[in-house]
Amino acid sequence: MDITPLIDPLNDAQRTAVTAPFQSALVLAGAGSGKTRVLVHRIGWMIQVENLPAYSILAVTFTNKAAREMLGRVESLMQQDASAGMWIGTFHGLAHRFLRRHSAAANLPDTFQVLDSDDQQRLIKRIIRSAELDETRYPPKQIQWYINAHKDEGRRAAHVQTDGTFWETMQQIYKTYEDLCQRSGLVDFAELLLRCLETLRDTPELLDQYRNRFRYVLVDEFQDTNTIQYAWLKLLTQGQNNLFVVGDDDQSIYGWRGARIENIHSFQSDYPDHRLIRLEQNYRSTANILNAANALIANNENRMGKELWTDDKDGDPITVYDAFNEQDEAYFVVNRIKQWVAEGNLREQAAILYRSNAQSRLFEERLVSAAIPYRVYGGLRFFERAEIKTALAYLRLIANRHDDASFERVVNLPTRGIGARSMDAVREIAKAQKCSLWDSTRMLCRDGGLSARAVNALKAFLELIENHAIAADSMPLHDQVRLVIEKSGLIAHYQKEGQEKGATRIDNLKELVNAARQFSNEAEIDAENMKELDLFLSHAALEAGDAQGDTDEDCVQLMTLHSAKGLEFDLVFLVGMEEGLFPGQKSLEEIGRLEEERRLCYVGMTRARQQLVICHAESRRLYGREHRSEASRFLREIPSQYLQEIRMQGQVSRPVTAYGNHDKTKTNRDNGDSTSGFMLGQQVNHSKFGTGIILQQEGDGNHARVQINFESAGTKWLVLAYANLTAVS
DNA sequence: GACGGAATCGTTTTT
DNA sequence: CGATTCCGTC
């Protein structure tokens, strides 16, 4: 066995981790230190050198993307099929697989379906309405959060402590929600994990079986695990001391959604024989960037302790640009990108990272007018689109007649004469009989009680679904999908909707048929007896697909700091680095949140390979109001030796630590907003130089001068009295 | 049941 | 400011 490819590409620390004896291990892997490589090679080492059966390995990640990447790299590292039998996937995906296999033990129907958070919210809204509660006092969003937070901590409605009528009502809603999901065969994301944990815990045979099978458990991004995920890992590995986790406490940025950074500390006491390995050599960034990031993160307390280093050269200093306002910031960034592209670099190697999605717009506008292709990450994904969810709801109802959420969604979409009053009657009966909407509709049709017209409409709907189910039974999956979107009248419905929008929706529906075909081709139908349709529907919920269609084009990348985690770019812009925005106002209220914001900043900085540019604006229009803002404290926490502050086009270079003394240099434009009739950041037109934006202003009366950044003519100082500027509206 | 005006709200995101 | 959602009208 030639083990060179397994071992050779590793440094000492990585090799220690990969070849560690089989005991538990905690690998603290800094940004860009090769953590995925360690996991992949560890798996390779276990299979190829230690000759362990792939069957006994369980590898867990947080996102489907990470799972796919790991599997791909494992497969290309080893001979074909060496990894067959290994379980690799997300916490949710693995829990789902378990529940499909053991639905009876988990007390679920074998047709159970996965509820995504949109479905979940609709369901909660329905419960509030049906209980005739005040939606302003019990906002569905907040209730959703309440339910999920409890589930993430492993608490059922019955376990929740109540205090006062408000919380009693909340608990009651939680209880009702649990019952409704159980009756409809619906499982939300948190439920997948909780149900899996409870089933394992309460079924000794299954627990034994899985403990014996998965002798080697590996976890990626361990700092992001929540209470229940860690409990699940502990349950599976208890007494076996075989848990190998990789993570970075400095990159924990999901505390607000339940991730427990403390799990890293608990791990150390729960697995006292563990081995601790630090990966501190960074292969990504220049020394300047790395040192600056180290200095920033050193301001956090309670770290595990870790300092990244590199063999790389110092590189360029970090550029700091203090913009006058958000417009100026966008101009500056886009100009730098133009320059970057002109130097022969790839657009896709430049990324603009911001704290909140709302910040993307200005950059988009500027990029559009500069004719630079870009791609914004985030937003609606394929399986989250309304028309797709509606088509899927038909399929879900076909798969499981008692899926109330789907019933509600499609019963009158497209409209087929089943109005609010009919549905009120249907819900009434369902509530009284504690049965599904489907059964209650059948009762209503049989026993009457509604106008003949309403009954006919309901009957027609029942028949539509039943006929479908019969016809679909013997059909390949993609034909079932095609049939549903045609027969349900969805295509006709969207055709009526009109030009642009309707056409895209119909295209999407057709794409759904393709997605189904592709799913049939690729999905290995596991030994477990699952219907292909059930699997496809779960797949749609668990993997919502990409947000944007794949662009082959070379594009500038725009995304939030959160979604940048795990990625890297040659040139990174960290924009909006201002107090109140980053760190956000709300982060200052709760303890611990500021440190998480700092980690977020650290994550952002360490995305950069070659060049890092940090921008902040002295004034910013936010929610229609003008705000004056100070530079972010994070900026001040970076030693000035790594920074180079610039004004327009690098004219002035000042040490950034002098922020406190800036006022003198600033005064001449601080009150410059109104004296000339022009505003900083305003677009103006000049007869000779064309359009530009006002950057600075000084002096008054006849001596008043403004600095303007012209789109084509560059930056110029002009005397207002002679410039003859006109405002561009 | 479609359309339009008013009201509301405004980190971060995956599963 | 701008997007989304909600409610009332035709």
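Note on naming: letters A, B, ... go to the chains in the order of the sequence lines (proteins, then strands), and numbering restarts at 1 for each one. Nothing here was measured: the structure is a model prediction, and the numbers come from that model.
- Look at the P atom in both B:dT12 and C:dT5: the space between them is 15 Å, to the nearest Å.
- A donor atom on one side chain and an acceptor atom on the other are not found under 3.5 Å apart for A:Asn302 and A:Glu595.
- Aromatic ring centres of A:Tyr138 and A:Tyr146: separated by at least 6.0 Å.
- No close placement of the A:Tyr602 and A:Phe634 rings is indicated, their centers lying 6.0 Å or farther apart.
- Looking at A:Arg361 and A:Glu365, their side chains come closer than 4.5 Å, going by heavy atoms from C-beta outward.
- Applying side-chain hydrogen bond (donor to acceptor under 3.5 Å, both in side chains) to A:Glu578 and the options A:Arg620, A:His616, A:Arg355 leaves one that passes, A:Arg620.
- B:dT11 and C:dT4 are spaced 14 Å apart, taking the P atom of each and rounding to whole Å.
- Residues A:Asp248 and A:Lys565 are not paired through a salt bridge, judged by the lack of any N-O separation under 4.0 Å between the basic side chain and the carboxylate.
- Side-chain contact annotation: A:Ser103 with A:Arg100, donor-acceptor N/O pair under 3.5 Å absent.
- Put simply, CZ on A:Arg620 is 17 Å from P on C:dC1, counting in whole angstrom units.
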Reading nucleotides 8-15 of chain B from 5' to 3' and marking B where a protein heavy atom lies under 4.0 Å of the base, S where only the sugar-phosphate is that close, and - otherwise, the string is --BBBBBB
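- B:dT12 shows a glycosidic angle more than 90° from 0 and is accordingly assigned anti.
- Between the side chains of A:Ser117 and A:Gln144, not a single donor N or O lies within less than 3.5 Å of an accepting N or O.
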With B for base contact, S for sugar-phosphate-only contact and - for none (protein heavy atoms under 4.0 Å), nucleotides 3-10 of chain C reads ---S----
